[in-house]
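First up is the structure itself, then whatever we jot down about it.
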Amino acid sequence: MDTKLLFQDAAVFATPMLAVFAVDIATGKDAEPLLALLTTSDAVTDAAAKVLESGEFKATVGESLLLHAPNGLKAERLLIVGLGKASGLCADEVRKGAGTAVRAAKPREVRDMAIAFPEDHALSDEHLEELPCTLTARALVEGAELANLDYDTYRSDRKDRSLQTLTVIAKESEKSTMAEIHTGFDEGLIVAAAQNFTRSLVNEPGNVLTPTVLGERAAAMCSEMGLKCEVYSTAKLQELKMGAFSAVAQGSGEPPALIVMTYEPKLAKGQALAADAPVLGLVGKGITFDTGGISIKSADGMEKMKYDMAGAGAMIGAMRAIAELKPKVKVIGVVCSAENMPDGKAFKPGDVVTAMSGKTIEIINTDAEGRLVLADGLHYAKTLGCTHLIDAATLTGACVVALGILNVGLFSNDEATWDKFQQAIKSSGERFWRLPCTDDYKDQIKSQIADIMNTGKTRWGGAISAAMFLKEFAGDTPWIHLDIAGCAWNDENKPWLAYGPTGVAVRSIVEWVRSYDS
Ligand code: BES
Ligand code: ZN
Ligand code: ZN
């Protein structure tokens with residue numbers, strides 16, 4: 001999509017469809033909705049006045065209403081898009097609203113549209129706190145770009161209804177300068193392209209996206225973006241003594257891929273990063289298909305396990321955005337990719353494997369494979385010099401049971417890193433819920449045979465047992481673990497996002513990395 005930013009009055013812009021945001025300014029619990037548009041254009045306000053008064057439209061998030069031939073406007077259609085209650089409105093509603101606008105246009109075969117930048121000063125301060133304008137611009141662009149993607153590329157009856165051009169129409173004001181809006185707009189394009197790249201990787205079926213192909217896609221992205229990328233396979237895993245990762249990979253005809261992407265900030269001549277500057281390690285679970293291995297999964301819903309590389313996808317996407325946003329901090333992305341299959345060479349329950357760190361692991365269940373590949377990935381990232389670690393993985397069904405599909409499960413061994421993460425992600429609109437991984441849970445993964453075992457003694461708190469396992473390999477290094485099993489796949493079409501991969505965590509990981517910009 002060709003996305004442009006234009007400073008103009010929305011009323012005089014000729015377009016097949018102009019979208020404008022509406023909010024409910026009524027206060028009080030049971031008050032009837034009282035609607036207002038976030039625009040200072042009188043002509044747009046007049047064109048929408050009658051229908052807003054009618055009560056037919058409530059301006060809830062995800063709701064939209066279309067008017068043809070709106071009076072006094074150059075646009076052929078006016079789409080009014082709800083953002084919900086004015087009080088407490090934040091950029092995330094704008095992200096969803098922009099997505100709703102795009103997804104309302106697509107089935108109508110509208111290929112070019114415009115969205116009026118929400119002007120918070122159209123309302124008095126009593127109704128709406130200020131929307132930070134850079135963040136709002138960014139969220140708007142992200143929402144629109146994310147919404148424009150539909151995962152129907154494998155359908156022969158596909159009709160490409162993607163928008164071709166989107167024009168964001170803004171007005172400069174005391175509160176919003178052109179430069180601020182521009183900054184947000186540009187960042188939005190970068191971050192959304194990265195998140196869409198992640199989504200496209202996660203959408204690929206397991207027969208297309210093997211570990212080798214994931215390595216090729218990552219390498220192609222890195223060469224396009226100017227990142228260093230190394231892709232290794234079986235021999236390197238053996239050389240590094242990655243016994244846990246190798247065990248998972250050995251039951252598949254597809255060779256594993258260890259993908260290492262490095263971003264080094266370019267500093268001005270004479271400048272250097274401090275010797276004790278942080279090095280961030282982004283570690284992703286890249287199981288391109290999880291059958292469960294010898295502890296095979298039931299057939300029901302197994303097809304979805306192609307998304308078991310969503311953590312890897314998130315890290316590859318995040319590296320793409322980092323390469324473009326250029327924060328002054330070194331970042332290393334480590335992806336451990338394999339297929340978990342049950343063939344004659346597959347690892348088995350009862351096997352004991354030795355991880356790269358030297359820890360021995362008793363295999364109880366071969367379906368708990370994600371923690372095994374990450375164990376070696378986390379340890380390897382430390383040997384590469386990472387001082388802070390974050391991992392993302394579709395790790396446990398238990399996390400989905402605990403938190404459902406709206407919150408990512410988050411674990412950390414370090415309060416300062418958790419605080420920093422919380423601060424950094426305020427603008428991402430993604431939700432995380434911290435779960436415990438205190439040492440008293442360690443008993444769960446004690447083995448009689450080896451140092452630890454790869455599942456909990458009981459099935460209770462399964463997401464925690466998995467995190468406790470990873471914590472063994474993070475050691476003293478500040479670490480955050482994101483269990484994205486519930487949030488990486490959207491099981492139903494939303495007004496602002498298509499069915500399929502969500503690209504969750506990309507935006508938050510990127511913001512976390514930027515918070516270390518020196
Ligand atoms: N990839 C799955 C986790 C998963 C399950 C994600 C369901 C999304 C939905 C992971 O490899 C797995 O199978 N975990 C097991 C662990 C168990 C054997 C301790 C699980 O969650 O059942
Ligand atoms: Zn599994
Ligand atoms: Zn898995």
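Ligands are counted one by one from 1 in listed order, and the atoms in each one are counted from 1 as well.
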Identify the protein heavy atom lying closest to [atom], giving its residue, its atom name and the separation to 0.1 Å.
atom                    : value
atom 12 (C) of ligand 1 : D367 O, 3.1 Å
atom 9 (C) of ligand 1  : M305 CE, 3.6 Å
atom 22 (O) of ligand 1 : G397 N, 4.5 Å
atom 8 (C) of ligand 1  : Y307 OH, 2.9 Å
atom 10 (C) of ligand 1 : L395 O, 3.3 Å

Worksheet entry | Among the N, O or S atoms of D308, the one nearest the Zn ion (ligand 3) |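 It is OD2 of D308.
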Are any of the N/O atoms on [X], whether in the backbone or the side chain, positioned under 3.5 angstrom from an N/O atom of ligand 1?
X    : result
T396 : no
D290 : yes
K285 : yes
E369 : yes

Practice prompt. Confirm or rule out an N/O/S atom of I287, from backbone or side chain, lying less than 2.8 Å from the Zn ion (ligand 3).
Written response: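 No, since none of the N, O or S atoms of I287 sits under 2.8 Å from the Zn ion (ligand 3).
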Practice prompt. Would you indicate whether L240, at its atom CG, is surrounded by more than 12 heavy atoms from other residues, nucleotides or ligands within a distance under 6.0 Å?
Written response: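 Enclosed.
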Discussion item. Looking at K345, I'd like to know if its NZ atom is crowded, meaning that more than 12 non-hydrogen atoms belonging to other residues, nucleotides or ligands lie closer than 6.0 Å.
Written reply: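 Open: at most 12 neighbouring heavy atoms sit under 6.0 Å from NZ of K345.
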Within the 4.0 Å heavy-atom shell around [X], which atoms of ligand 1 are there?
X    : result
A485 : 6 (C), 8 (C)
T394 : 1 (N), 2 (C), 3 (C)
T455 : 19 (C)
N365 : 18 (C)
R371 : 16 (C), 19 (C)
K297 : 2 (C), 12 (C), 13 (O)

Fill in: Exercise: identify the closest heavy-atom pair between F245 and P256
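Closest approach of F245 to P256, heavy atoms only: CE1-CB, 4.0 Å.
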Worksheet item: How close do R199 and N196 get, heavy atom to heavy atom, and via which atoms?
Response: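 Here R199 and N196 meet closest at NH1-OD1, 2.8 Å.
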Discussion item. Checking contacts now, so for atom 1 (N) of ligand 1, which I'm interested in, is there any protein heavy atom under 4.0 Å?
Written reply: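 Yes, because at least one protein heavy atom sits under 4.0 Å from atom 1 (N) of ligand 1.
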Looking only at side chains, do [X] and [Y] share a donor and an acceptor under 3.5 Å apart?
X    : Y    : answer
D160 : S162 : yes
N365 : T455 : no
S246 : Q238 : no
S412 : D414 : no

Discussion item. Working to the nearest 0.5 angstrom, can you tell me the gap between L149 CG and F197 CZ?
Written reply: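 Here the interatomic distance stands at 12.5 Å.
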Worksheet item: Where the Zn ion (ligand 3) is the corner point, what angle links OD2 of D290 with OE2 of E369, to 10°?
Response: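 Answer comes to 90°, rounded to 10°.
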Item to complete: May I ask you to decide whether K442 forms a salt bridge with E472, counting only side-chain N to carboxylate O separations under 4.0 Å?
Response: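 Looking at E472 together with K442, the answer is yes, because their closest N to O distance falls below 4.0 Å.
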Discussion item. Does the plane of the ring in F469 sit parallel, tilted or perpendicular to the ring in F473? Use 30° and 60° as the thresholds.
Written reply: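 Geometry flag for F473 against F469: tilted rings.
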Item to complete: Could you go through the salt bridge (charged side-chain N to carboxylate O under 4.0 Å, His left out) check for D150 and R161 one step at a time?
Response: CA-CA 9 Å; D150 276 280; R161 297 193 166 102; over 6 Å; no
